[in-house]
Amino acid sequence: MKHGIIVAYKPKGPTSHDTVDEVRKKLKTRKVGHAGTLDPFACGVLIIGINQGTRVLEFYKDLNKVYWVKMRLGLITETFDITGEVVEERECKVSEEEIREAIFSFVGEYEQVPPAYSAKKYKGERLYKLARDGKIISLPPRKVRIFKIWDVKISGKEVSFRVEVSSGTYVRSLCMDIGYKLGCGATAVELVRERVGHHNLEESINVFEATPEELESKIIPLEKTLEWFASVVVYQKFASGVLNGSQIFLEMLKEWDEFRKDDVVKVFDEEGNLLALAMAERNSSFLYTLKRQRRNERVLKLIKVFNMR
């Protein structure tokens, strides 16, 4: 049984849940999940967790994402994308300079209202389900960050650009906000998620076209996931104790990367098996002080244990 993640390509049409179901059928395992939702009208990178890999997905949700989006000025739909019912169409008498100025004005942090038609939950129910029942819920705005916008192209009412955003940003809401700033509204008509963290389209695999063997060959082993976290190695004689929930004291550590207090750290045994994720209770630099003073203190607190044997 393999454990890890797949950098999947979700085409236009299926939901993120459909994509997970396809992987479940082909790999014959129920333990499959996804990090973050990609709307049916959108395509692009979707991180899929397999077996124990589902337990690291929460860390992929928080990564920055890069999108290419095309929006149509003057068109307003109830969902902020082209699949929604048209609410209004307006003329948009603005210059290219005004369009560019409006787009770039959103770089930085701003308060964004999640769309009423989204997978976000309100009192346990998905917003889009409530909206389809006629119950439009307006959630309070939340802070999002637009890190960078580039490659802006304008062709009449249609405007496309690339954007790097923080976790939780709705690009179709960004399009609508740009449209409102221009006084005419706007709707996202095409959306491609090009990157999640450093995982991009080039390495992704279309799970609907791939054979089970091709899909299995694309599983990134659990040991190679979360590569942005620091690692520590425990002596082999302590490995089974860690798998049984023993907290990690200084004497158990053979070697370690640099990390800071409260960082999440990957815990390996000497054979290279990922045993656990743990929260650092000290800066790594202080471990040398503890060692000199022969103080065998607890230095890592377990968060998740991966017993894959």
Side-chain angles (χ1 to χ4, degrees), residues 1-11 14-38 43-66 119 167-168 193-234 239-240 242-245 248 257 259 263-269 271-279 300-309:
M1 182 183 290
K2 287 192 173 181
H3 307 268
I5 64 161
I6 291 175
V7 182
Y9 175 81
K10 188 197 85 65
T15 63
S16 298
H17 185 70
D18 294 336
T19 310
V20 164
D21 267 350
E22 186 71 12
V23 176
R24 282 177 177 151
K25 285 179 205 161
K26 288 184 173 171
L27 296 184
K28 294 183 171 42
T29 176
R30 293 295 303 166
K31 291 182 181 174
V32 180
H34 64 85
T37 300
L38 200 51
C43 60
V45 175
L46 185 68
I47 303 295
I48 302 275
I50 313 295
N51 296 317
Q52 291 282 313
T54 56
R55 301 182 65 210
V56 302
L57 289 176
E58 63 186 275
F59 301 103
Y60 284 87
K61 288 179 183 172
D62 294 334
L63 297 178
N64 295 349
K65 298 168 183 72
V66 172
S167 172
R193 185 190 280 166
E194 296 187 327
R195 186 158 60 82
V196 175
H198 74 272
H199 294 300
N200 55 36
L201 283 173
E202 285 68 33
E203 64 180 304
S204 67
I205 181 168
N206 186 326
V207 304
F208 295 93
E209 295 176 354
T211 64
E213 293 74 23
E214 288 170 333
L215 212 49
E216 189 168 339
S217 72
K218 294 289 280 187
I219 297 175
I220 299 171
L222 196 58
E223 287 78 10
K224 293 187 176 177
T225 63
L226 306 175
E227 60 277 22
W228 61 93
F229 287 160
S231 299
V232 303
V233 176
V234 297
S240 60
V242 173
L243 291 176
N244 286 318
I248 299 172
D257 295 335
F259 54 79
D263 280 355
V264 177
V265 173
K266 295 193 290 184
V267 182
F268 289 90
D269 65 15
E271 295 175 352
N273 299 304
L274 180 62
L275 305 175
L277 296 178
M279 180 78 74
L300 297 170
K301 183 180 179 182
L302 293 180
I303 301 173
K304 293 177 189 285
V305 173
F306 303 104
N307 199 339
M308 294 177 280
R309 294 185 175 89

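One-based numbering along the sequence shown.
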Could you tell me whether the side chain of [X] and the main chain of [Y] form a donor-acceptor pair under 3.5 Å?
X	Y	result
Thr19	Thr15	yes
Arg195	Asn64	no
Asn244	Ser240	yes
Asn200	Glu202	yes

Spatial distance of atom [atom1] ([X]) from atom [atom2] ([Y]) [nearest 0.5 Å]:
X	Y	atom1	atom2	answer
Ile248	Lys301	CD1	NZ	12.5 Å
Ile220	His199	CD1	NE2	5.0 Å
Thr225	Lys266	OG1	NZ	6.0 Å
Leu277	Ser231	CG	OG	10.0 Å
Leu275	Phe268	CG	CZ	8.5 Å
Leu201	Cys43	CG	SG	7.5 Å

Exercise. Using ring-ring contact (aromatic ring centres under 6.0 Å, His included) as the criterion, list what pairs up with Phe259, not counting sequence neighbours.
Key: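 Testing Phe259 for ring-ring contact (aromatic ring centres under 6.0 Å, His included), a comparison that skips the adjacent residues, returns none.
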Exercise. From the options Lys25, Lys26, Arg24, select the one residue that forms a side-chain hydrogen bond (donor to acceptor under 3.5 Å, both in side chains) with Glu22.
Key: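 Of the listed residues Lys25, Lys26, Arg24, the side-chain hydrogen bond (donor to acceptor under 3.5 Å, both in side chains) partner of Glu22 is Lys26.
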What's the shortest heavy-atom distance between [X] and [Y], and which atoms?
X	Y	result
Gly36	Leu46	O-CD1, 3.3 Å
Gly33	Val20	C-CG2, 4.0 Å
Ile6	Leu215	CD1-O, 3.7 Å
Phe306	Leu243	O-CD2, 3.5 Å
Ala35	Leu57	CB-O, 3.6 Å
Arg193	Thr37	NH2-O, 3.2 Å

Self-check item: Lys2 vs Pro221 side-chain heavy atoms within contact, under 4.5 Å
Solution: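 When only atoms from C-beta onward are counted, Pro221 and Lys2 do not touch, as no gap falls below 4.5 Å.
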Quiz item: With a 4.5 Å limit on heavy-atom distance, are the side chains of Val264 and Ile303 in contact?
Solution: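 Yes, close enough: below the 4.5 Å cut-off.
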Practice problem: Have a look at Ile5 and tell me which of Val56, Ile50, Thr54 forms a side-chain contact (heavy atoms from CB on, under 4.5 Å) with it. | Solution: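 That would be Val56; it is the only one of Val56, Ile50, Thr54 passing the side-chain contact (heavy atoms from CB on, under 4.5 Å) with Ile5.
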Practice problem: Please assess Leu63 against Ile47 for the test side-chain contact (heavy atoms from CB on, under 4.5 Å), listing each intermediate value before the final yes or no. | Solution: CA-CA 11 Å; Leu63 297 178; Ile47 303 295; over 6 Å; no
Self-check item: salt bridge (charged side-chain N to carboxylate O under 4.0 Å, His left out) partners of residues 203-224, not counting sequence neighbours, each pair once
Solution: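 Found none.
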